[in-house]
Amino acid sequence: MKKSDAPIGVYDSGVGGLSVLRAIFSQLPGESTIYFADQAKVPYGERPLEEVRELAEGVTRMLMAEGAKLIVIACNTASAAALKYLRPLYPDFPFVGMEPAVKPAAEQTLSGKVGVLATPSTFHGELYASVVERFAKDVQIFQATCPGLVKQIERGYLATPKTRRILEQALEPMLAEGVDTLVMGCTHFPFVIPLIQQISGEGVRVIDPAPAIARQTARVLAQHDLLKNSDHAPSHRYLTSGDPAQFSKLLEKLLGIRDHAEQWRWIDGALRQD
Ligand code: DGL
């Protein structure tokens, strides 16, 4: 098989990265993919960055061994924890990571007030501090961690009263301050944009970075001469360290795709297929 026919690896702590996979499907429909959800360890956002970095290294080794030609770390928390270690560790291998979309938000806000929703670990990382320092000089930033929201989305509870309560608690104080632009700084959160939009009203702009990440993936593939150029039908694999049946249910609920998932397990710091 030609290297350019190999799959794009996409990785998140759980189903959040499916919001990025969806954008990759629409931007790069001919590409094969291999998606890994680390559902044995979700949520990452409450774990120390050091621990998340070790997990991300283990996942990277596995995706490389499974033949990925590029890895998209479709998780803000893992990107914050691991990208700056992974790039020098594998200098010839292309990675695409997430960073909270503060730059477009700062360009688009009219009130000069931007809300960022992300996990505690993302807010603690140097990546977030550098994004704020570089792009948010002229705007005021309001932050919320939305405790419990990742778990609700992992259960498929996208519009239950509890999910609404978590979002209201996060959003109401910043909306009262005049925030008019909201950044989805966690890849799980785009799945509750309909509810966020209901709570905030139509006048508030919500920024899902996934389409920009898919475009960046296409650019990086082109730079490395790795864009698929054969007409073999693309294949898609789904792997989880959690419960494959639960993953498949969510895949259907979130992306409308029916497929099975493979069971992988963490054994002594490495991922092994069951
Ligand atoms: N989806 C992830 C992110 O973008 C992490 C969620 C979690 O596991 O806490 O940050």
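We're numbering straight along the sequence, starting at 1.
- Judged by distance alone, with hydrogens and angles left aside, the side-chain atoms of Thr163 form no donor-acceptor pair with the main-chain N or O of Ala159 at under 3.5 Å.
- Remark: the Tyr128 side chain and the Gln143 side chain contain an N/O donor-acceptor pair separated by less than 3.5 Å.
- Between Phe36 and Tyr11, the ring planes lie tilted relative to each other; the angle falls in the 30° to 60° range.
- Listed for the Asn76 side chain is a donor-acceptor partner under 3.5 Å among the backbone atoms of Gly185.
- Between the side chains of Arg22 and Ser26, no donor-acceptor pair is found at a separation under 3.5 Å.
- In terms of modelled atom types and a separation under 3.5 Å, the side chain of Thr109 and the main chain of Ala106 share no donor-acceptor contact.
- For Ser32 (side chain) and Ser235 (main-chain N/O), a donor-acceptor pair under 3.5 Å exists by modelled atom type.
- In Lys3, the NZ atom is crowded: over 12 heavy atoms of neighbouring residues, nucleotides or ligands sit closer than 6.0 Å.
- Under the 3.5 Å distance criterion, with hydrogens and angles disregarded, a donor-acceptor pair is assigned to the side chains of Thr77 and Thr122.
- Salt bridge annotation for Arg165-Glu168: absent, with no cationic side-chain nitrogen under 4.0 angstrom from a carboxylate oxygen.
- Side-chain N or O atoms of Tyr85 include none that pairs as donor or acceptor with a backbone N or O of Glu57 at under 3.5 Å.
- Remark: Tyr157 OH is loosely packed, at most 12 non-hydrogen atoms of other residues, nucleotides or ligands lying under 6.0 Å away.
- Open room surrounds NZ on Lys151; 12 or fewer heavy atoms of other groups in view lie less than 6.0 Å from it.
- Side chain of Thr240 to main chain of Gln263: no donor-acceptor pair is present (N/O by atom type, distance under 3.5 Å, no hydrogens or angles).
- Residue Lys103 places its NZ atom among 12 or fewer non-hydrogen atoms of other residues, nucleotides or ligands, all under 6.0 Å distant.
- Counting only N and O atoms by type, the side chains of Thr33 and His236 include a donor and acceptor under 3.5 Å apart.
- Between Lys84 and Glu126 there is a salt bridge, since a side-chain N of the basic residue sits under 4.0 Å from a carboxylate O of the acidic one.
- In this structure, Phe191 has its ring center no closer than 6.0 Å to that of Phe189.
- Under 3.5 Å, the side chains of Glu154 and Gln39 contain a donor-acceptor pair of N or O atoms.
- At most 12 heavy atoms of other shown residues, nucleotides or ligands fall within 6.0 angstrom of atom CZ in Arg205.
- A donor atom on one side chain and an acceptor atom on the other are not found under 3.5 Å apart for Thr181 and Gln108.
- Panel note: side chain Lys137, backbone Glu133; a donor-acceptor pair is recorded below 3.5 Å.
- Linking Ile, Leu, Val, Met, Phe, Trp and Tyr residues whenever their side-chain heavy atoms come within less than 4.5 Å leaves Leu63 and Val10 in two separate clusters.
- Gln273 CD: more than 12 foreign heavy atoms inside a 6.0 Å radius.
- Summarising the geometry, atom NZ belonging to Lys228 is positioned 6.0 Å from atom CG belonging to Asp5; distances are rounded to the nearest 0.5 Å.
- Using a cutoff of 4.0 Å between basic side-chain nitrogens and carboxylate oxygens, Glu31 and Lys69 are scored as salt-bridged.
- Note that OG1 of Thr119 and CZ of Arg47 are 12.0 Å apart. Values are rounded to the nearest 0.5 Å.
- Look at Asp274 and Arg265 and you find a salt bridge, because one of the NZ, NE, NH1 or NH2 atoms lies within 4.0 Å of a carboxylate O, short of that distance.
- For the residue pair Tyr44/Asp38, the side-chain donor-acceptor check at 3.5 Å is satisfied.
- Thr217 places a side-chain N or O within donor-acceptor distance of the main-chain N or O of Ile213, the cut-off being under 3.5 Å.
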